Structures are given as C-alpha cells and as structure tokens.
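Reading through the structure tokens given below for one structure.
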Number of protein chains: 2
Amino acid sequence: MLSKRWNALIIFSLLGESQRFCTMTESIGISNRLLSERLKELEKDGIVTRNVYPETPVRIEYSLTEKGRALAPVMEEIQKWSQEWLPVQEAPEEKQAPTVR
Amino acid sequence: MLSKRWNALIIFSLLGESQRFCTMTESIGISNRLLSERLKELEKDGIVTRNVYPETPVRIEYSLTEKGRALAPVMEEIQKWSQEWLPVQEAPEEKQAPTVR
DNA sequence: TATAGTTGTTACGAATAGTAACCGATAGGA
DNA sequence: TCCTATCGGTTACTATTCGTAACAACTATA
C-alpha cells in the first residue's frame with residue numbers, strides 16, 4: 001500500500017489534522033482524479049475516513065483511522081532517514097497569481 | 001524511492017545478506033526485466049552495490065550500502081505495523097515440479 | 001439568468017509494468 | 001566441431017496505470 005505512488009504523501013499530510021479534498025490536491029501536488037482514486041482505496045483499506053459536512057458548498061474532510069494513525073512511526077523513520085541521507089532540495093516553486101503593477 | 005513498486009521488497013530482501021540476481025527474482029517474484037531496472041536505479045541512488053565474482057558461470061551479488069542499511073528502522077516499523085494491522089495471508093503457492101508416480 | 005465554489009468523473013494520450021522470447025559469454029561432453 | 005546448460009541480463013510487445021484537461025452535479029449569490 002505504501003508502495004503505491006502518492007499514498008505515503010497522502011497519509012503524511014493527514015497525520016497532522018483532517019484535510020479537505022481541495023487542500024490536499026494543492027499541498028500534495030496530485031491531480032484530483034488520482035487523489036479521488038487513492039482516497040477511495042485507502043478508505044476501503046480502513047486507513048482513511050471520509051466526513052461529509054453538508055454546508056454549501058459541501059465540505060468534505062478526510063482523516064486517518066486508528067489503523068492509519070498507527071503508521072506514524074513508519075513515517076517518522078522515513079523522515080529521519082531522508083534528513084540524514086538525502087541532499088536538501090529546493091522547494092517546488094509556488095504558482096503565483098501574476099502581480100499587477 | 002520507497003514508493004516505487006518492488007523497491008521496498010528488494011531492500012528488505014537485501015537487509016539480511018547479499019543476494020544473487022536469480023535468487024532475488026525467485027524470492028521476490030519480480031521479473032528479471034524489472035529487477036534489472038530497479039537494481040540499476042538503486043545503484044545510481046547509492047543504496048545498492050553490485051559485486052561481480054568472475055567465476056564460471058559468473059556470480060553477481062547485490063548488497064546494501066550504508067545508506068541502504070540505514071533504511072532498516074523504516075522496514076522494521078513497516079513490519080511492526082503490518083503484523084499488528086494486516087490479516088495473516090496465505091503464502092503464495094510454491095511452483096512444484098510435477099511429481100512422477 | 002449567469003457565475004462561482006466544491007467534489008468529484010470522463011476521456012484520452014503518455015508512461016510504466018508485466019510477459020515471453022532471446023542474447024552473449026563460458027564450460028562440459030559427444 | 002556441435003550441442004547443451006547456466007547466469008545475468010535485453011529486446012519486443014501487450015496490458016495497466018498515470019497525468020492532463022475538460023466536464024458534471026449541486027447550490028448559493030449577484
């Protein structure tokens with residue numbers, strides 16, 4: 001499951017707090033097609049839950065189940081390893097709205 | 001890198017001891033095409049080293065670098081998680097030579 | 001009516017994975 | 001010499017998955 005592209009990043013971004021769909025696409029840099037697909041799979045695997053808030057426009061938040069939160073130590077070890085062994089990378093450039101002068 | 005299919009299994013199987021190409025294809029269940037491709041990538045990333053023993057037929061053993069062995073804690077946490085949260089699976093059936101009666 | 005925000009779905013070309021056949025070097029035996 | 005076998009891969013081809021863009025359904029607001 002962690003070997004599937006994006007899943008580690010999805011879980012990582014949910015470890016902190018529950019997140020909305022559109023927030024996740026932006027912060028992870030995944031397309032909505034794939035995020036939708038991955039979240040369905042993770043929900044079926046019992047790692048993620050989907051919470052619907054029927055406001056307008058509808059708000060949907062995804063969060064981790066206990067099984068999902070139990071992956072925290074795995075993610076921590078991955079972080080430790082990458083801090084020690086991977087060269088520091090430039091952050092990907094922000095897409096800015098063109099500034100009007 | 002761990003998100004690429006097979007890489008976690010390849011590293012896991014090298015954590016114990018160095019392995020030959022043909023042993024790895026059998027134990028992991030990966031095709032030789034992909035194993036070859038993945039090992040090249042992992043070698044380029046400095047995670048795996050390739051040792052050639054010019055016997056006949058030639059013997060080639062793959063082993064982990066220090067950077068690769070540093071992934072041991074990650075793999076351990078993954079193991080712990082799966083033992084706690086994943087149902088026990090049937091081992092994939094061995095391919096047996098047909099028994100002659 | 002038109003527009004915008006949110007969470008998706010559909011369509012389709014591009015990239016990656018999987019399968020099977022083949023290659024080159026070497027050695028052993030007929 | 002010719003055939004066979006082993007090892008560590010390549011090559012060729014098909015199937016699956018990914019990535020991008022366009023669109024859909026719902027509803028509130030202008």
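These numbers come from the heavy atoms of this one structure, side chains and all, not from hydrogens, waters or symmetry mates. All figures in this text were calculated on a predicted structure; none of them were measured in a lab. In what follows, chains are A, B, ... by sequence order, proteins preceding strands, each numbered from 1.
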Is any side-chain heavy atom of [X] less than 4.5 Å from a side-chain heavy atom of [Y]?
X: Leu71(B); Y: Phe12(B); result: no
X: Leu2(B); Y: Leu2(A); result: no
X: Asn51(A); Y: Ile60(A); result: no
X: Tyr62(A); Y: Ile10(A); result: no

Problem set entry | Nucleic acid contacts - residues 41-57 of chain A versus DNA chain C, non-hydrogen atoms under 4.0 Å |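 Correct list: Arg50(A), Pro57(A).
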Exercise. Contacts to DNA chain C from residues 27-34 of chain A, heavy-atom cutoff under 4.0 Å, which residues?
Worked result: Asn32(A), Arg33(A)
Exercise. Taking a hydrophobic cluster as the set of Ile, Leu, Val, Met, Phe, Trp and Tyr residues connected by side-chain heavy atoms closer than 4.5 Å, whether directly or through intermediates, do Tyr53(B) and Val48(B) fall within one such cluster?
Worked result: no
Problem set entry | Among Ile30(A), Leu35(A), Asn32(A), side chain to side chain contact (heavy atoms under 4.5 Å, CB included) partner for Met24(A) |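 Only match with Met24(A) under side chain to side chain contact (heavy atoms under 4.5 Å, CB included): Leu35(A).
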For this session: Between Trp6(B) and Glu61(A), name the one whose nearest nucleotide on DNA chain C is closer to the 5' end.
Result: Glu61(A)
Distance test, side-chain N/O of [X] to OP1/OP2 of [N], below 4.0 Å:
X: Lys4(A); N: dT16(C); answer: no
X: Ser36(B); N: dG8(D); answer: no
X: Lys40(B); N: dG8(D); answer: no

Do you know the tightest heavy-atom contact between [X] and [Y]?
X: Ile28(B); Y: Ser13(B); answer: CD1-OG, 3.8 Å
X: Ala8(B); Y: Met75(B); answer: O-CE, 3.4 Å
X: Gln19(B); Y: Ser27(B); answer: OE1-OG, 4.4 Å

Exercise. For DNA chain D, what residues of residues 15-24 of chain A have any heavy atom nearer than 4.0 Å?
Worked result: none
Give the rounded distance in Å between these two atoms: [atom1] of [X] and [atom2] of [N].
X: Arg59(B); N: dG8(D); atom1: CZ; atom2: C1'; answer: 14 Å
X: Ile60(A); N: dA25(D); atom1: CD1; atom2: P; answer: 17 Å
X: Glu26(B); N: dG8(D); atom1: CD; atom2: P; answer: 10 Å
X: Arg5(B); N: dA15(D); atom1: CZ; atom2: C1'; answer: 13 Å

For this session: Inspect the contact between Lys40(B) and Glu43(B) and indicate whether a charged nitrogen and a carboxylate oxygen are less than 4.0 angstrom apart.
Result: no
Problem set entry | Glu84(B): partners by side-chain contact (heavy atoms from CB on, under 4.5 Å), with sequence neighbours left out |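 By the side-chain contact (heavy atoms from CB on, under 4.5 Å) rule, Glu84(B) matches no residue at all.
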Exercise. Between Trp6(A) (side chain) and Gly29(A) (backbone), is there a donor-acceptor pair under 3.5 Å?
Worked result: no
Problem set entry | Pairs meeting criterion salt bridge (Lys or Arg N to Asp or Glu O under 4.0 Å) with involvement of residues 3-25 of chain B, two or more places apart | Lys4(B)-Glu41(B)
For this session: First locate atom OG of Ser63(A), then atom CZ of Arg50(A), and finally report the distance between them rounded to the nearest 0.5 Å.
Result: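 Atom-to-atom, Ser63(A):OG and Arg50(A):CZ are 12.0 Å apart.
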Exercise. So what does Glu37(A) hit on the nucleic acid, given a heavy-atom distance under 4.0 Å: a base, only sugar-phosphate, or nothing?
Worked result: sugar-phosphate
Seminar exercise, completed: Rounded to 10°, the helix from dT1(C)-dA30(D) to dA30(C)-dT1(D) deviates from straight, judged by its five-pair end axes, by 30°
